[in-house]
Amino acid sequence: MNISHNELVVMCSKAFAGLHRYNGEADIIANMVADLEMVGLHGIDHFINALALLAHEQDYPVEITTETAQQVTVDLHGYSILCHLPILLDYTVEKLTFQSQVILNIEQCHNRWLAFSELIKLSNIGLSVRAYWFNPLASHHVTYILNAGQILPEVYLYPTTLMPIKDTHIDPLHYLSIEINKHRISLPMPSITLKHIASTTLLTTKKNTWQRGITITPTAWKTIQQFAGAILVESNKQTYQL
């Protein structure tokens, strides 16, 4: 079945709101999903995985484990990045007042593909960004690179032998590192990557999706609708109590 961009945003917003979380803004999260889906990087699938996780999360604050002038390391204790990434990025960017580069390390986190649209926002304000993490399902490393003003990222997949994480105390399965830089970030040599998804390819996919609509399976749509339906259940409970 096909749905529009607006239909996806509205339903994802309702689905997150149906979780009744204190952390996270439903409209921002819905756009994180839609932006990733529009370029063909499976935003819907990642969101459904996130919903299953978010439904059992507690609203605990993020723990900052290490902080210096050029680096912030936080522990999400196995939670999704969806509720916390926008605020973490805002906090990290403030350090660029006195530095040309800062790195945000997020440990014990999930749903890292969905960082996509929040990183684009940094590019839009003149910052260059490189984010990387390990994808255990496909046994490769993923890197987004956006230089200042770039509309969409260059996406690179690396073999496991080129793992960029050197700290043996870090769990690479649930780790996300984001470098934010005032200067341009060099692109890697094509010969060392498994696959390169060019920003131009993502842009072509996005244009086609705008024209044709978003394809979603009935099962996936029903799952999102079920989470969205929790808003009505809660509303009925409140009405009854009054």
What's the verdict on side chain to side chain contact (heavy atoms under 4.5 Å, CB included) for H42 and I44, showing C-alpha distance, side-chain angles and the deciding distance? CA-CA 5 Å; H42 313 293; I44 292 172; over 6 Å; no
Donor-acceptor contact present, side-chain [X] to main-chain [Y], <3.5 Å:
X    : Y    : answer
T223 : T219 : yes
T201 : I197 : no
K182 : L96  : yes
S123 : Q150 : yes
N147 : I185 : yes

Nearest heavy-atom neighbours spanning [X] and [Y]:
X    : Y    : result
F16  : A26  : CD2-CA, 3.7 Å
E37  : G43  : OE1-N, 2.9 Å
A131 : I178 : CB-CG1, 4.0 Å
V33  : L114 : CA-CD2, 3.9 Å
L41  : Y144 : CD1-OH, 4.5 Å
A15  : I224 : CB-O, 3.7 Å

Can you check whether [X] reaches [Y] side chain to side chain, under 4.5 Å on heavy atoms?
X    : Y    : result
C83  : R21  : yes
S128 : H183 : no
V142 : V155 : yes
Y156 : L187 : yes
P153 : I145 : no

Counting only heavy atoms not in [X], do more than 12 fall under 6.0 Å of its [atom1]?
X    : atom1 : result
I151 : CD1   : no
K207 : NZ    : no
M189 : CE    : no
I64  : CD1   : yes
K195 : NZ    : no

Applying side-chain contact (heavy atoms from CB on, under 4.5 Å), name anything that partners [X], two or more places apart in sequence or on another chain.
X    : value
W210 : H5, M38, K206
A50  : L54, S80, L82, N111
N6   : S4, V10

Aromatic ring proximity, centroids under 6.0 angstrom, W113 and F47: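 That pair fails the under 6.0 Å test.
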How long is the straight-line distance from [atom2] of [Y] back to [atom1] of [X], given to the nearest 0.5 Å?
X    : Y    : atom1 : atom2 : value
I81  : R112 : CD1   : CZ    : 8.5 Å
K95  : L104 : NZ    : CG    : 10.5 Å
Q99  : Q70  : CD    : CD    : 4.5 Å
E154 : H196 : CD    : NE2   : 4.0 Å

Kindly determine whether H77 and E63 satisfy side-chain hydrogen bond (donor to acceptor under 3.5 Å, both in side chains), including the steps that lead there.
CA-CA 8 Å; H77 302 289; E63 178 186 356; 3.0 Å; yes
Determine, using the 4.5 Å side-chain heavy-atom cutoff (strictly less than), whether [X] and [Y] are members of one ILVMFWY cluster.
X    : Y    : answer
I28  : L19  : yes
L76  : Y22  : no
V93  : I106 : yes
Y79  : L53  : no
L203 : F116 : yes

Q101-N181 side chain donor-acceptor pair, cut-off 3.5 Å: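 Side chains of Q101 and N181: pair found under 3.5 Å.
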Item checked: Check against side chain to side chain contact (heavy atoms under 4.5 Å, CB included), N105 and V74 -> CA-CA 6 Å; N105 297 315; V74 301; over 6 Å; no
Report the C-alpha separation of I214 and N2 in whole Å, then their side-chain angles, then the decisive distance to 0.1 Å, and conclude whether the side chain to side chain contact (heavy atoms under 4.5 Å, CB included) test is met. CA-CA 5 Å; I214 297 168; N2 269 26; over 6 Å; no
E118 and its side-chain contact (heavy atoms from CB on, under 4.5 Å) partner, picked from D35, L89, L88, D90
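By the side-chain contact (heavy atoms from CB on, under 4.5 Å) criterion, E118 pairs with just one of D35, L89, L88, D90: L89.
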For I103 and S177: C-alpha separation, side-chain torsions, deciding distance, then whether side chain to side chain contact (heavy atoms under 4.5 Å, CB included) applies. CA-CA 7 Å; I103 296 175; S177 182; 3.7 Å; yes
